[in-house]
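Some notes on the structure that comes next.
Quick note on labels: first sequence line is chain A, next is B, and so on, each numbered from 1.
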There are 2 protein chains.
Amino acid sequence: MEDFKNELATIDTRSLVDKVEMTLINLLIRKELKPGDKIPKEIELVEALGVSRTVVRESLTRLKTIGLIESVKHRGAIIKSPDLLETFKKAMIPGVMDQTTLRDIFEMRLVLEIGMADLIFQRKTDEDVKELSEIVANEPESSEGILFEVDHEVKFHGKLYKMTGNQTMMNFQNLLLPVFSYVYDSKLIERPIKKRSYVSHRELVDLLKRGTAESFREGMRKHLENHFQRMFGE
Amino acid sequence: MEDFKNELATIDTRSLVDKVEMTLINLLIRKELKPGDKIPKEIELVEALGVSRTVVRESLTRLKTIGLIESVKHRGAIIKSPDLLETFKKAMIPGVMDQTTLRDIFEMRLVLEIGMADLIFQRKTDEDVKELSEIVANEPESSEGILFEVDHEVKFHGKLYKMTGNQTMMNFQNLLLPVFSYVYDSKLIERPIKKRSYVSHRELVDLLKRGTAESFREGMRKHLENHFQRMFGE
DNA sequence: GACAATTCTTATGTATGACATAATAAAAAG
DNA sequence: CTTTTTATTATGTCATACATAAGAATTGTC
């Protein structure tokens with residue numbers, strides 16, 4: 001009985017659509033198709049692959065969904081440079097994401113903001129710093145409402161992301177904002193102890209003006225101290 | 001003639017599938033559906049929405065593609081906690097991604113590795129450090145082949161990602177590996193000047209044993225100096 | 001009456017054919 | 001030669017039919 005195991009290849013359980021999808025992706029890779037290139041029309045694929053138009057269309061739908069191709073109505077489909085973030089913007093529904101992932105994402109934010117000091121220092125302009133100063137100047141005293149504070153928090157840190165000059169990172173932050181507010185609102189991590197953070201926004205701007213990438217990085221680390229404490233318990 | 005402009009609402013050019021997709025996503029959000037919950041079967045959606053099964057199925061295909069739902073054959077579809085990274089693994093074909101995005105992603109790697117010092121220090125175990133020591137011990141002298149070096153580079157830094165205990169970040173790194181090798185191979189950034197990095201893997205392990213999160217962070221920053229120089233050009 | 005074997009029933013997967021529509025190309029009109 | 005009109009074409013949508021496998025219902029056996 002056992003002998004058969006070696007003779008029998010595992011059966012391919014994938015659906016036709018799965019196979020066609022793989023075939024198409026491999027085609028893109030093998031033929032080194034670049035954005036803008038046209039891909040065969042549905043009928044041609046039907047004939048070449050020997051499956052129904054239904055299957056071909058479903059495969060194409062998948063590729064469209066992940067942003068690899070774009071179809072111009074009545075014209076055909078073309079390769080597209082996928083906007084990675086756009087793709088899962090739709091999937092970014094905090095309510096349906098499991099808690100571990102939410103925590104992970106929250107952590108990644110902290111990691112990114114600490115690590116981006118060099119990019120900021122390399123690319124900051126006087127105008128950026130001025131704008132950041134104004135944002136800080138408009139911040140209310142910490143005694144005022146927390147909702148307002150969150151708003152300013154987003155403004156300040158958002159500007160920092162912009163200053164990295166890294167569009168992908170900016171998109172990333174934008175994408176993650178709903179997750180952050182969700183995490184704040186939920187009981188996922190305990191409510192902030194709201195002890196004054198060791199380094200304020202104001203001080204960070206100061207480091208930006210007169211400090212170095214290193215000092216700014218450490219300043220940011222201390223600024224985020226509250227968050228770290230909440231993540232690691234204590 | 002001009003007067004009409006105010007009277008006329010802009011026509012909705014979205015396809016039926018677009019609308020159904022939005023409707024379904026809003027349903028998930030409004031009804032606060034959680035992973036595991038069942039969603040109506042195709043026929044029911046057909047009747048409720050007044051569109052053909054073709055349209056419903058194409059909408060569902062999209063949701064499946066971004067990982068929001070999962071369909072069990074002949075049973076129905078259920079809500080799924082989307083694995084965000086899995087989603088665009090398929091779209092991660094460096095050849096079709098535009099160069100700016102590739103650069104951005106490469107930068108994000110540097111940012112992450114510098115920023116993750118705290119996570120590593122918080123969660124490292126003796127075993128981790130031991131394993132890392134062994135990886136370093138097996139590294140060839142820098143005189144040997146570059147291909148080998150890339151391999152060890154991946155091993156070492158990959159282990160660091162693991163040590164963060166952040167699954168999402170690990171997946172992220174895994175996902176980005178093809179991008180890195182592509183960026184290396186391409187002329188996207190100039191070939192490394194291969195000046196000895198200021199801090200070696202060996203020294204990093206040492207910082208991990210005897211240093212602090214801060215010193216390790218700065219060590220990593222110096223270790224990645226080569227990459228930064230190439231990104232920023234002199 | 002409990003359990004096993006068999007047969008529906010059901011929901012998705014796949015195939016086929018049809019028609020609408022809009023972008024383009026081709027043909028006709030001036 | 002330019003403009004207008006008329007095919008042509010490829011995708012979007014609809015309708016219908018059947019295959020298949022999971023689960024439910026039924027039957028059969030002891």
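Every residue two or more places apart in sequence or in another chain that forms a salt bridge (charged side-chain N to carboxylate O under 4.0 Å, His left out) with A/Lys90 is listed here: B/Glu21. Residues satisfying the side-chain hydrogen bond (donor to acceptor under 3.5 Å, both in side chains) test with A/Glu134, not counting sequence neighbours, are none.
Note that B/Lys124 lies in the cation-pi zone of B/Phe121, set by a 6.0 Å cut-off to the ring centre and a 45° limit from the axis.
From the 5' end on, the contacts that DNA chain C makes with chain B at under 4.0 Å to a non-hydrogen atom open and close at C/dA11 to C/dT14. Along DNA chain D, read 5' to 3', the first and last nucleotides having any atom under 4.0 Å from a heavy atom of chain A are D/dA10 to D/dT13.
Within residues 38-57 of chain A, the residues that have a heavy atom under 4.0 Å from DNA chain D are, in order of number, A/Lys41, A/Glu42, A/Arg53, A/Arg57.
The 12-atom threshold is not exceeded at NZ of A/Lys155, counting heavy atoms of other residues, nucleotides or ligands nearer than 6.0 Å. The 12-atom threshold is not exceeded at CG of A/Asp126, counting heavy atoms of other residues, nucleotides or ligands nearer than 6.0 Å.
Here the side chains of A/Met170 and A/Leu175 are not in contact, with every heavy-atom distance at 4.5 Å or above.
For the salt bridge (charged side-chain N to carboxylate O under 4.0 Å, His left out) condition, no pair includes a residue of residues 160-175 of chain B, sequence neighbours left out.
Scanning all heavy atoms of the two residues, the minimum distance from B/Ser59 to B/Leu24 falls at CB-CD1, 4.2 Å.
With values rounded to the nearest 0.5 angstrom, B/Leu160 atom CG is found 7.0 Å from B/Leu208 atom CG.
Ion pairing between a basic and an acidic side chain is recognised when a charged N comes within 4.0 Å of a carboxylate O; B/Lys34 and A/Asp98 show no such pairing.
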